[in-house]
Number of protein chains: 2
Amino acid sequence: MALTLKVVSKSVPEIGSLEIKESALFNNEEKMVNELKKAKVTISDVAKKAGVSKTTVSRILNGDYAHTKEETRDRILQVIKELDYRPNALAKGLKSMSTNVIGIILSNLKNPYWSSVLEGVEDTCHKLGYSLMICNSDEDPNKEKHYIEEFQRRQVDGIVINPTVRNMEMYEELVKSKYPFVVVNRKIPNLVVKNVVVDNNQGAFLAVNHLMDEGRKRIAVTAFNNPHVSTWKERVEGYKEVLLSRGYAKKDFRILLIDPVSDVKEVTMAFLRKNPDVDALFSTNNMISLQSMEAIRELHLKIPEDIALVSYDETAWAKHLEPPLTTIKQPGYDMGVKATQMLVDSIAGNNDEESETIILEPELIVRNSSISESYHRP
Amino acid sequence: MALTLKVVSKSVPEIGSLEIKESALFNNEEKMVNELKKAKVTISDVAKKAGVSKTTVSRILNGDYAHTKEETRDRILQVIKELDYRPNALAKGLKSMSTNVIGIILSNLKNPYWSSVLEGVEDTCHKLGYSLMICNSDEDPNKEKHYIEEFQRRQVDGIVINPTVRNMEMYEELVKSKYPFVVVNRKIPNLVVKNVVVDNNQGAFLAVNHLMDEGRKRIAVTAFNNPHVSTWKERVEGYKEVLLSRGYAKKDFRILLIDPVSDVKEVTMAFLRKNPDVDALFSTNNMISLQSMEAIRELHLKIPEDIALVSYDETAWAKHLEPPLTTIKQPGYDMGVKATQMLVDSIAGNNDEESETIILEPELIVRNSSISESYHRP
DNA sequence: GTGAAAGCGCTAACAC
DNA sequence: GTGTTAGCGCTTTCAC
């Protein structure tokens, strides 16, 4: 019955002159709306035109069909289309105190690792019906603070953050106030919080053991010396542990900590000159790795014949370098996905744990830069 | 006077018991606020505590100091700090019909070129006091449409977009309704709109002329065959123009159009086998370039001895490849900056032109992959 | 100088 | 089934 009705009403608009007039009116109204546009169409306009109250329109908008006659519902839906009505999310958010927006604060947009994290976050937001606000702290704690406050002003439902780890009071306040947020990639000391990280110790474990298995005896590790950040420290710790577990002593540690603002290639060359017996490099950062390759080349040494290289962060180009680079692959996309799911759970009120840590596993991808067929040092 | 007063009131809180009591009270209130927090502090709370009306607080918040006594102003500012008040941007936006948010729609988060564009946009937003919403169309026109509608629901003040170029009606509607938006990187045919692009013709001109100058005689060009996108077409056109200008004929064109879902390396190898005389490749995409290098290697040919290579898009790793890659550098960061400035101008109502096109210039970075010291083909 | 009141566009009790 | 009403937190006339 209802079906028949629909079809009929759709298929015979040309029957009476009245019908045609109405339809002409529609077109005119539509044109006017399109022309002006600045005069945005609101829920009231829809209600008026459909001859119902705002309440009823609101119900339909939110999928609450139970309380409304099919006929009314269809009419409203029709009007919504005709007017090309788009509900104002600001008004909705103001009323309901929730925006379905989450914010992400990254500290580096350039690194492809973060691109993949962002991709994971974006995909998952889309899947779960959230929108995403993004900003870049650029490792500046002031910017970070500013952005967190901005997000709160904007009533974002939750925040994913790769923290500078230099706004401790603020992080604590967020936790205390139960503001949904998830920390990714880094750990914040002494803070009980939701966290998604990659096992850095394990990454180092894979890298250094692999080098040892390939017969390397004097392995060095290089890292950017950011005192607040946990990641590289854990990787260096892992390096130490493997050495100790393999019977080396503390005096055998060869650790190069690089000031992020220095000339990485120069520093690396100096280090290699001072430690001419080094036969392998474990680089905890892909930018360091590129510079190291240059440094080694300029010293007229060969990879892997003289020095083997294992680098953090798999990238699209690693296998195209000369030689192809052995890397530790971190599941960046996954990290983004997991963090977003966790955040949304926490927003929804499922998952009321204060803290929960997801630890993802890195993976070793072996290529020529670390294999020793032609290793020719004593 | 005022200065002295301030100092005194700050330096003698321990004088009377009354003073101490008051300060204790403050601490309690603050703690309660922090403890509950969900009970967000609003402009009314500030007004009440400061003993003024919402109007006055609002004036102060918006920097309108002219109408208010210094004393009152200071008191309000003080209360704002004490309560750690954060104005609700939703309410403000609802009232003022502008959010200071712009949206960006990208079609690919992975490519480092887009990372740099994003960085430029983000930096400029921050500088100009805007927040940024981001999403990824992934070249899917449906997603793109959805996101544009989402942005409009959320009342973003304007949109920066790298369009799929497959929602023509929608783009036209946006223009017609004077919605501020700026198209980047690609051109939309037959649409009068604000646009920031890089000169693709010029990029090809630089690349192909360079290869010719290095003595290459049978240059091929490779591109992803996305029928809707203008960029690669312009690059291929540029390629043709150089050939013709150098006395070649149409029959000398060697053009490989690659289906984006195919195995790029295989396709390239097949192409090179079919055209064994090709002595140079101009690749219009950095992902194609990496695959081409592999293809060439697998055919036991040498770069640049047998085949020279010039690739679109400078990246951090180009100079570390073997051989170091000659590239066309596009000013991605600049494009982001310019597009954002243009958009914000357009939002502010300066710049009422319907259309305005900024054309940025690419740059040739010469490295070993294209130089012919050892070019040994006939 | 300051405040009362209306209203931005929406939702959600609570009537009927 | 549907509508009335009272806000959400802010800005902005217009009075005083």
Side-chain angles (χ1 to χ4, degrees), chain A residues 2 33 37-77 79-80 83-101 150 152-157, chain B residues 37-77 79-80 83-101 150 152-157:
Chain A
V33 168
K37 203 68 180 194
K38 287 285 156 186
K40 293 245 175 78
V41 17
T42 75
I43 197 171
S44 296
D45 301 327
V46 176
K48 216 168 290 168
K49 181 151 182 185
V52 296
S53 76
K54 294 192 290 174
T55 312
T56 308
V57 178
S58 177
R59 285 206 190 92
I60 298 305
L61 281 174
N62 294 295
D64 178 2
Y65 293 165
H67 293 281
T68 314
K69 255 199 305 209
E70 196 177 325
E71 194 191 306
T72 324
R73 185 218 318 180
D74 289 346
R75 187 152 31 93
I76 293 173
L77 256 17
V79 171
I80 288 176
L83 297 181
D84 192 25
Y85 166 62
R86 317 236 165 114
N88 184 326
L90 255 41
K92 176 165 182 168
L94 180 58
K95 184 79 230 205
S96 61
M97 296 306 289
S98 108
T99 52
N100 271 34
V101 175
E150 189 67 35
Q152 297 199 316
R153 270 192 293 275
R154 297 202 180 276
Q155 314 298 118
V156 309
D157 289 345
Chain B
K37 203 68 181 197
K38 286 286 155 183
K40 292 245 176 77
V41 14
T42 75
I43 197 172
S44 295
D45 300 328
V46 176
K48 217 168 289 169
K49 181 148 180 185
V52 296
S53 74
K54 294 190 291 173
T55 313
T56 308
V57 177
S58 176
R59 284 206 191 91
I60 298 306
L61 281 175
N62 294 296
D64 178 2
Y65 294 164
H67 292 282
T68 314
K69 254 197 307 207
E70 194 178 326
E71 194 191 306
T72 324
R73 186 218 319 180
D74 289 347
R75 189 151 31 94
I76 294 173
L77 256 18
V79 171
I80 287 175
L83 297 182
D84 192 25
Y85 166 61
R86 317 235 166 113
N88 183 326
L90 255 40
K92 176 165 184 169
L94 179 59
K95 186 80 231 208
S96 60
M97 295 307 290
S98 108
T99 52
N100 271 36
V101 175
E150 187 68 34
Q152 297 199 317
R153 269 192 293 274
R154 296 202 180 277
Q155 315 297 120
V156 308
D157 289 345

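Below, read A as the first sequence line, B as the second, and so on, with proteins coming before strands; counting in each chain starts at 1.
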Worksheet item: Below 4.5 Å, heavy atoms only, C-beta onward: do B:Val41 and B:Asp84 meet side chain to side chain?
Response: no

Discussion item. Let me test you: for the helix from C:dG1-D:dC16 to C:dC16-D:dG1, what is the angle between the axes at its two ends (five pairs each), rounded to 10 degrees?
Written reply: 40°

Worksheet, complete the sentence: Distance col, row A:Leu94:CG vs A:Asn88:CG, nearest 0.5 angstrom, shows 9.5 Å

Worksheet item: Do any N or O atoms from the side chain of B:Thr99 and from the backbone of B:Gly93 form a donor-acceptor pair under 3.5 angstrom?
Response: no

Worksheet item: Is the side chain of B:Arg59 donor-acceptor paired with the backbone N or O of B:Asp64 at a distance under 3.5 Å, no angle test?
Response: no

Worksheet entry | Residue pair B:Leu61 / B:Pro87: nearest heavy atoms and the distance that separates them | CD2-CG, 4.2 Å

Discussion item. side-chain contact (heavy atoms from CB on, under 4.5 Å) for A:Ile60 and A:Val57? Distances and angles first, verdict last.
Written reply: CA-CA 5 Å; A:Ile60 298 305; A:Val57 178; 5.7 Å; no

Worksheet item: Has the side chain of A:Asp74 got a donor or acceptor atom that lies under 3.5 Å from a matching backbone atom of A:Glu71?
Response: no

Discussion item. I'd like to know if the side chain of B:Ser58 and the backbone of B:Lys54 have a donor-acceptor N/O pair within less than 3.5 Å.
Written reply: no

Worksheet item: Between A:Asp157 and A:Asn100, what is the shortest heavy-atom contact and its length?
Response: OD2-N, 2.7 Å

Worksheet item: If you pin B:Leu94 and A:Ser53 to their nearest nucleotides in DNA chain D, which one's is more 5'?
Response: A:Ser53

Worksheet item: Can you name the nearest heavy-atom pair linking B:Lys49 to B:Leu83, along with the distance?
Response: NZ-CD2, 4.0 Å

Worksheet entry | Range on DNA chain C touched by chain A, heavy atoms, distance below 4.0 Å | C:dG9 to C:dA13

Check nucleotides 10-12 of chain D for protein N or O atoms closer than 3.5 Å to its own N or O atoms and list the pairs.
residue: D:dC10; atom: OP1; partner: B:Tyr85; partner atom: OH; Å: 2.4
residue: D:dC10; atom: OP1; partner: B:Asn88; partner atom: N; Å: 2.9
residue: D:dC10; atom: OP2; partner: B:Ile43; partner atom: N; Å: 2.4
residue: D:dC10; atom: OP2; partner: B:Tyr85; partner atom: OH; Å: 3.4
residue: D:dC10; atom: N4; partner: B:Lys54; partner atom: NZ; Å: 2.9
residue: D:dT11; atom: OP1; partner: B:Asn62; partner atom: ND2; Å: 3.2
residue: D:dT11; atom: OP2; partner: B:Ser58; partner atom: OG; Å: 2.7
residue: D:dT11; atom: O2; partner: B:Lys95; partner atom: NZ; Å: 3.3
residue: D:dT12; atom: O4; partner: B:Thr55; partner atom: OG1; Å: 3.2

Worksheet item: Roughly, in whole Å, what's the span from CD in A:Glu70 to C1' in D:dG1?
Response: 14 Å

